[in-house]
Amino acid sequence: MLQIYNTLTRKKEEFKPLDGNNVRMYVCGNTVYDHSHLGHASTMVAFDMIARYLRAKGYDLTYVRNITDIDDKIIRRAAENGEHYTELVERMIASMDEDAAALGIQKPDQEPRATQHIDGMLEMIGGLIEKGYAYAPGNGDVYFRVRKFEGYGKLSGKILEELESGARIAVDESKEDALDFVLWKGTKEGEPSWESPWGNGRPGWHIECSVMCKCMLGDTFDIHGGGPDLPFPHHENEIAQSEAANGAEFARYWMHSGALRMGKEKMSKSLGNFFTVKEILEKYPPEVVRFLLISSHYRKSTNYSEDTLRMAGEKLQKLYTTLKKVDDPFNEFWVPEDEVELTEEVEEVIGTLKEKFFAAMDDDFNTPEAIAVLFDLSSRINRIFVDRSKINQVRKLRDLLVELGGILGILQDNPEAFLKSGGDVDEAWIEEMIAKRKAAKKAKDFAEADRIREELLSKSVVLEDTRQGTVWKIER
RNA sequence: GGCGAGUUAGCAAAGCGGUUAUGCAGUGGACUGCAACUCCAUUUAGACCGGUUCGACUCCGGUACUCGCCUCCA
């Protein structure tokens with residue numbers, strides 16, 4: 001039984017899809033005015049993991065992740081660059097896709113863009129005005145009348161009076177109430193704009209999600225997700241707009257990922273303490289980054305540092321080392337595939353571990369606990385290599401390790417390729433050095449052999465002497 | 001100021017009212033020319049103060065500290 005923590009009720013709830021086996025999920029994606037930083041990646045990976053697990057559970061998932069392709073920051077950045085905003089947008093979407101692919105993030109089923117849904121927005125805004133939930137003061141803007149919507153604050157726990165007293169909301173003469181938020185912004189000179197009944201303008205931030213949810217998933221759907229800074233005001237405003245316009249419950253389960261931290265503080269654009277995904281991928285294999293992001297619970301903050309990233313690499317290396325050992329046809333314990341038998345004992349182990357993995361994931365997607373199962377599996381495989389009598393079981397355990405890893409979006413690479421990745425040393429040169437060392441060893445010149453090992457190690461190349469010869473990997 | 005979350009061993013990070021989380025690191029041993037990998041054994045916990053209980057890291061109350069949201073922000 002899958003339990004999901006619902007921000008709306010502030011507790012874990014049993015997950016029951018609205019429509020049988022079909023699950024509909026909408027996640028707020030990026031505003032594409034710059035390259036993604038690791039915080040963006042963190043949220044994308046979290047919901048990718050969630051999507052993969054829902055599918056692994058057998059649900060028929062429709063996953064929508066939007067792209068905000070028009071807003072103040074995009075307009076400003078494009079102007080700074082002296083380019084048309086669509087050029088900037090296309091470039092940043094390509095960059096985001098590249099990062100996502102590297103991190104093993106599967107494409108959502110739909111990636112709607114705000115500017116593709118202007119008509120739907122005009123329709124929804126018109127409807128809100130008709131119902132008295134919105135007003136156009138005549139300056140080209142349209143505002144949502146927050147006090148008119150009774151449930152305002154139910155997601156974020158905000159109380160209207162306290163929001164009002166917090167004097168951080170910009171005073172705007174044309175608003176009836178300082179709390180009202182903009183649905184449609186009248187255009188300024190030189191800005192991109194669309195025609196509307198209230199004059200040329202562009203969408204406010206929140207309306208796009210309400211409209212795209214309705215268009216792709218219907219008035220009511222199962223899961224709405226996003227990053228840690230979205231419950232207020234963005235999601236609160238979405239609920240107000242959608243429920244006022246549709247007269248129906250909006251999303252049933254609200255999920256929010258935790259912040260990615262640099263030391264004690266949240267990594268964010270406004271604090272300026274961010275690394276782009278591309279900067280990090282220059283130094284670390286993408287799967288290591290993904291492993292770090294899933295090695296703490298999705299709702300908790302993840303601590304990013306050189307150290308945590310290095311440790312993530314070491315852990316992943318351990319798992320891949322196990323996989324490589326099983327796959328290696330020169331391994332002394334290797335047996336042909338058709339001689340692999342599924343004994344009762346191994347069947348039971350597989351069943352138990354699979355159950356443990358799913359139980360962990362069923363508990364609000366507890367990836368740290370699920371990963372512990374992978375290490376359990378890895379240890380069992382390694383022990384089998386010590387206790388040769390059970391060798392015929394090992395491939396079945398390997399298959400399970402790869403299968404469960406796949407649900408988390410890891411361990412799908414070729415083990416040897418992974419172990420040799422991340423270095424910047426010429427492979428032919430390494431082989432040459434290994435050959436020289438072999439000759440030195442044969443001549444019992446161990447001082448020379450050790451010197452060569454040290455030289456390679458200084459370039460992060462670790463040598464391992466096996467019965468079948470010397471192999472190498474990149475130190476993590 | 002309001003609302004919310006957190007504080008676990010050297011580091012990272014989970015579950016659980018009584019029985020090993022897990023990984024890295026450390027220590028001892030096996031293996032190795034030496035290593036690496038791996039295996040075996042093992043040391044380090046639960047911010048602080050109370051309460052409930054036969055028994056609390058786990059439940060309750062308080063204190064301290066940290067973080068997030070309240071403004072664009074994944």
Side-chain angles (χ1 to χ4, degrees), chain A residues 7 10 27-31 33 36-47 71-73 76 153 156-159 161-163 165-170 205 225-234 236 256-261 263-271 274 291-292 295-297 299-303 305 307-319 321-322 324-325 356 359-360 363 366-376 378-379 381-387 419 441 444-447 449-450 453-454 457 462-466 470-473 475-476:
Chain A
T7 309
R10 289 170 197 79
V27 174
C28 289
N30 293 358
T31 300
Y33 72 103
S36 303
H37 69 234
L38 200 59
H40 297 110
S42 162
T43 296
M44 282 198 280
V45 166
F47 285 98
D71 94 315
D72 291 351
K73 293 185 294 296
R76 197 186 328 128
S156 56
K158 305 292 180 203
I159 296 159
E161 285 62 40
E162 276 155 5
L163 280 173
S165 64
R168 299 170 89 171
I169 299 165
W205 175 29
D229 29 31
L230 295 186
F232 190 89
H234 185 233
E236 197 69 62
H256 294 95
S257 57
L260 184 84
R261 279 181 298 119
K264 284 188 171 177
E265 283 178 321
K266 186 177 91 161
M267 179 183 286
S268 78
K269 288 274 164 118
S270 18
L271 289 169
F274 62 91
F291 194 88
L292 171 67
S295 57
S296 62
H297 183 90
R299 269 192 292 118
K300 283 205 169 180
S301 61
T302 299
N303 188 6
S305 69
D307 265 1
T308 56
L309 207 40
R310 182 182 48 74
M311 285 193 292
E314 284 169 1
K315 292 180 187 190
L316 202 49
Q317 174 171 277
K318 186 186 178 79
L319 295 175
T321 301
T322 301
K324 183 182 167 224
K325 211 185 289 183
K356 271 178 85 176
D363 183 14
N366 192 333
T367 49
E369 207 181 321
I371 288 170
V373 175
L374 302 188
F375 283 106
D376 188 348
S378 169
S379 301
I381 292 170
N382 287 329
R383 265 174 304 197
I384 290 174
F385 280 109
V386 174
D387 175 14
L419 292 170
K441 275 174 68 179
K444 302 271 185 222
D445 184 356
F446 294 120
D450 288 347
R453 183 204 292 289
E454 285 304 312
L457 192 59
V462 180
L463 298 187
E464 282 176 45
D465 291 334
T466 72
T470 301
V471 297
W472 63 275
K473 67 179 180 190
E475 187 181 35
R476 300 285 171 217

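Chain naming here is simple, since letters A, B, ... match the order of the sequence lines and numbering starts at 1 in each. Just so you know, these numbers use all the heavy atoms, side chains as well, and skip hydrogens, waters and symmetry mates. Note that the structure is a prediction, hence the values are computed from the model and not measured.
- One C1' atom belongs to B:U22, the other to B:C54, and the distance between them is 32 Å to the nearest Å.
- Taking atom C1' in both B:U52 and B:G62, the straight-line distance is 15 Å, to the nearest Å.
- Applying the 3.5 Å distance criterion, the base of B:C34 shares a donor-acceptor pair with the side chain of A:D465.
- Checked by distance alone, A:K473 brings no side-chain donor or acceptor within 3.5 Å of a matching partner on the base of B:C37.
- Here the separation of B:G28 from B:A13, taken at their C1' atoms, is 27 Å to the nearest Å.
- A:F232 places its CZ atom 15 Å from the P atom of B:C3, with the value rounded to the nearest Å.
- Nucleic acid contact class of A:L230 (heavy atoms, under 4.0 Å, all strands): sugar-phosphate only.
- Between B:A45 and B:C34, the distance separating the two P atoms is 35 Å to the nearest Å.
- For the pair A:L260 and A:G39, the tightest heavy-atom approach, listed with the atom from each and the gap, is CD2-N, 3.8 Å.
- A:C28 places a side-chain heavy atom less than 4.5 Å from the side chain of A:H234.
- When heavy atoms are screened at a 4.0 angstrom cut-off, A:G39 is found touching base atoms of the nucleic acid.
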**Message:** Across nucleotides 10-23 of chain B, 5' to 3', mark each nucleotide with B, S or - according to how protein heavy atoms within less than 4.0 Å reach it.
**Reply:** -BSSSS-----BSB
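- We find that A:R310 and A:E314 are joined by a salt bridge, their nearest charged nitrogen and carboxylate oxygen being less than 4.0 Å apart.
- Contact between A:H37 and A:S268 at its shortest, heavy atoms only, is CE1-CA, 4.2 Å.
- The base of B:C24 does not come close enough to the side chain of A:R310 for any donor and acceptor atom to sit less than 3.5 Å apart.
- One can place NZ of A:K324 at 13 Å from C1' of B:U38, the figure rounded to the nearest angstrom.
- Put simply, the side chain of A:K325 reaches to within 4.5 Å of the side chain of A:N382, judged on heavy atoms.
- Atom C1' of nucleotide B:A74 and atom CD of A:E265 are separated by 17 Å, given to the nearest angstrom.
- For NZ of A:K269, the number of neighbouring non-hydrogen atoms (other residues, nucleotides, ligands) closer than 6.0 Å is greater than 12.
- What separates CD of A:E454 from P of B:G33 is a distance of 18 Å, to the nearest Å.
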**Request:** Determine, stepwise, if the pair A:D71 / A:T31 fulfils side-chain hydrogen bond (donor to acceptor under 3.5 Å, both in side chains).
**Result:** CA-CA 8 Å; A:D71 94 315; A:T31 300; 4.9 Å; no
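- Taking atom C1' on both B:U43 and B:C11, the two are 16 Å apart, rounded to the nearest angstrom.
- Here A:K266 does not reach the OP1 or OP2 of B:A74: none of its side-chain N or O atoms lies under 4.0 Å away.
- Toward the 5′ end of RNA chain B lies the nearest nucleotide of A:R10, the other residue of the pair A:D450 and A:R10 mapping further downstream.
- In the set B:A74, B:G2, B:G33, the nucleotide with an atom closest to the side chain of A:N30 is B:A74.
- Straight-line distance from the CZ atom of A:R453 to the P atom of B:U32: 15 Å, rounded to whole Å.
- A:T308 and A:N303 are not linked by any side-chain donor-acceptor pair at a separation below 3.5 angstrom, with hydrogens and angles left out of the test.
- The shortest distance between side-chain heavy atoms of A:T302 and A:R261 does not fall below 4.5 Å.
- Taking atom C1' on both nucleotides, B:U66 is separated from B:U32 by 48 Å, rounded to a whole Å.
- B:U44 and B:A21: their C1' atoms are spaced 16 Å apart (whole Å).
- For the P atoms, the distance linking B:G23 with B:C57 amounts to 24 Å, nearest Å.
- Residue-level contact check: A:K264 touches the backbone only, with heavy atoms under 4.0 Å from sugar-phosphate atoms and none from bases.
- Using bins of under 30°, 30° to 60° and over 60° for the plane-to-plane angle, the ring pair A:F291/A:F375 lands in the perpendicular bin.
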**Message:** Output the pairing pattern of RNA chain B as a dot-bracket string, 5' first, Watson-Crick or G-U wobble with both distances under 3.5 Å, | for cross-strand pairs, [ ] for crossing pairs.
**Reply:** (((((((..(((.....[...))).(((((.......)))))....(((((..]....))))))))))))....
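- When the C1' atom of B:C37 is taken as reference, atom CG of A:N382 falls 9 Å away, rounded to whole Å.
- At the heavy-atom level, A:M44 lies nowhere under 4.0 Å from the strands shown.
- Atom CD of A:E464 is separated from atom C1' of B:U38 by 10 Å (rounded to the nearest Å).
- Under the side-chain contact (heavy atoms from CB on, under 4.5 Å) test applied with A:E369, the options A:N366, A:T367, A:I371 reduce to a single match, A:N366.
- For the pair A:F385 CZ and B:C40 P, the interatomic distance rounds to 14 Å; values are reported in whole Å.
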